[in-house]
Amino acid sequence: MKRLVPLWIASIAGITVIVSNFIPVALGMSDLVTQMFQVLAAVAYVLGAASIAKVHLGKLSAKRPGWGYSIVVLGCFAITLFAGLLKIGALPADRAPYLPYSGKYDSEGSVVWWIYEYAISPITSTMFAMLAFYVASAAFRAFRAKNVEAILLLGTAFIILLGRTAAGAYLTGWFPDEIGGLKLENLSLYIMLVFNTAGNRAIIIGIALGVAATSLRILLQIDRSYLGSGE
Amino acid sequence: MLRFLETLDRRWIFLAMGLAVSIPILLELRFPEKSGSLTDAAFKAINELPKGSRVLLSFDFDPASEPELGPMATSFVRHCALRGYKMYFISLWPFGPPMIVEKIGEVLTKDFPNLKPGVDFVDLGFQAGNEAIMTQAKSDFKKTFPRDTSGIAVDQIPMMAEIRTTRDFAAIIMVSAGYPGGKEWIQYVITPERGRAVPLRAVVGCTGVQMPQLIPYYPGQLDGMIGAIKGAAEYETLVNALANTGDAMAVTPPKYLEAVRRMGPQLFAHVLMVSLIVLGNVIYFAGRRRGATA
């Protein structure tokens, strides 16, 4: 029973969504399934939060290496959760001027806004910006023209890197129209539209066929590996 | 010299990259942009819509990708406002709503004070559920986004009266940094709507990393694409030209030149990368030759 119920839920939900694409009457049922998915997604957020708390509390109590970072994680987690759940506003709301912090919780100056503006935004931007430094270092040490494939890769990288900046126009902008296709900006676009599209379309079609086959196996209860049984 | 380069401390490379990025910013170096076919197609697809068209703008990005996607989002909003379209803002990313608020404040509130919230534009905020939200919006948009971000029920918002499903939009503009984003919109919403008598127009603005994944959908499912900061700079130039039409003395505010400004650091950083790759290979082959002769 423990395995049978999830299997039938998956089959019925999947078949309902497929059928609704062909029979408009079943659209309501499909919407119901979608709403159930949204509820599940919301529960997954709670589970995710509980999992983070469990992992870091365990690390903290066992004083495993790096436990200090767990304090930071749990502290940030608690503050954000507290501010979000209690919907602490910045200024008194118009309808309750005698209640401080009763304004909109996501308005400018609120705790959530402050966390976003002065913590999340600069931290994530910095993390992303640091990529440029590590990519430059990796480019210097790892990109070697050791064989034909590597030479092709490097050649393509040069065309794209230069073609996607004003350098392309400066280096090859003087080419006459008869050989305009060899201008770096045109070459980079050509590589994207022809070689990249051909390769990517093949991958997309392959993935789509794989997804269709796997979905059918799940709907027909042949594939049960998503239950974690290893079957 | 070769020995020094072979054992070069990577902090020198970090310093070089830091200078390559900061010098063009400090010197405010700007370079002219000539639009490519993908950007031209995107501009045309948006520009050709009739005045008053309903456009869905999905801002599926966060602060990490803001430097790359923020300027194009600004240009999309400005273009729609210049053309007099009705704008419906949504986000499927939890950190997307502040991006919407920022662009509304930066563009609509400051430069288009005649546009009224609820009449000309509406911020419907974030909904969790990824593809499920897309499929639900396809069958019942109001149920999927029941309130705007100020808490007003969509039934009381004038511009929502004519919206039932995603079929009621003339175009969808996606600013996409990953999952869920442009690819999912194409698969779940756009593709089925492309077969209708007046097809749903679709334009995506994406990061450089996403470009190779989304280009295969052009021109079948996508009418145009703004790719990375280069595409944003090209599109920004086109939108600025549209805004300044008939006014040769018009001065474009710096906030509408952000993408062009950010192309300066990109140029220097890319040239440095190419130089580093070449230098790395010179050192590698020189070292091999020396090893062979020793």
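First the proteins, then the strands, lettered A, B, ... as listed; each starts at 1.
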N/O donor-acceptor pair under 3.5 Å between [X] side chain and [Y] backbone:
X      : Y      : value
B/H270 : A/L161 : yes
A/S125 : B/P63  : yes
B/R10  : A/S137 : no
A/N200 : B/P212 : yes

Of the non-hydrogen atoms in [X] and [Y], which two are nearest, and what is the gap between them?
X      : Y      : answer
B/G18  : A/F133 : N-CE2, 3.5 Å
B/A128 : A/Q38  : O-NE2, 3.9 Å
B/L276 : A/A136 : CD1-O, 3.8 Å
A/A132 : B/M17  : O-CE, 3.7 Å
B/K230 : A/G163 : CE-O, 4.1 Å
A/A139 : B/I277 : CB-CG1, 3.7 Å

Tell me, do B/E66 and A/F128 make a side-chain contact under 4.5 Å, heavy atoms counted?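 Contact flag for B/E66/A/F128 side chains = no.
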
Do B/V271 and A/L162 have side chains that get closer than 4.5 Å, going by heavy atoms?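 A side-chain contact under 4.5 Å exists here.
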
For [X], which atoms come within 4.5 Å of any heavy atom of chain B: side chain, backbone, both, or neither?
X      : value
A/I204 : side chain
A/M127 : neither
A/E117 : neither
A/F143 : both
A/R164 : both
A/I123 : neither
A/V135 : both

Give a yes or no on this: more than 12 heavy atoms of other residues, nucleotides or ligands lie within 6.0 Å of atom [atom1] of [X].
X      : atom1 : answer
B/Y179 : OH    : yes
A/R141 : CZ    : yes
A/Y69  : OH    : no
B/Y188 : OH    : no
B/R164 : CZ    : no
A/D177 : CG    : no
A/Y190 : OH    : no

Separation between [atom1] of [X] and [atom2] of [Y], rounded to the nearest 0.5 Å:
X      : Y      : atom1 : atom2 : result
A/L154 : B/N281 : CG    : CG    : 6.0 Å
A/T34  : B/M134 : OG1   : CE    : 13.0 Å
A/F37  : B/I133 : CZ    : CD1   : 9.0 Å
B/L272 : A/F140 : CG    : CZ    : 10.5 Å
A/N196 : B/M211 : CG    : CE    : 8.5 Å

Who among [options] has the most heavy-atom pairs with chain A under 4.5 Å?
options                : result
B/Q213, B/Q136, B/E131 : B/Q136
B/V21, B/T135, B/I215  : B/I215
B/G129, B/G36, B/P98   : B/P98

How about residues 73-83 of chain A versus chain B: which residues have heavy atoms under 4.5 Å apart?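 Hits under 4.5 Å: none found.
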
Heavy-atom contacts under 4.5 Å, residues 180-189 of chain A to chain B: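 The list, in residue order, reads A/L189.
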
Determine, stepwise, if the pair A/T124 / B/F95 fulfils side-chain contact (heavy atoms from CB on, under 4.5 Å). CA-CA 11 Å; A/T124 52; B/F95 291 131; 5.8 Å; no

Non-hydrogen atoms of chain A under 4.5 Å away: do they reach the side chain of [X], the backbone, both or neither?
X      : result
B/A132 : both
B/L8   : both
B/K34  : neither
B/S275 : neither
B/F285 : side chain

Between A/Y116, A/Y134, A/W113, which has the largest tally of heavy atom pairs under 4.5 Å with chain B?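 Option with the greatest count: A/Y116.
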
For chain B, the option from A/S121, A/S20, A/A208, A/G28 that forms the most heavy-atom pairs under 4.5 Å: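 Maximum pair count with chain B is reached by A/S121.
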
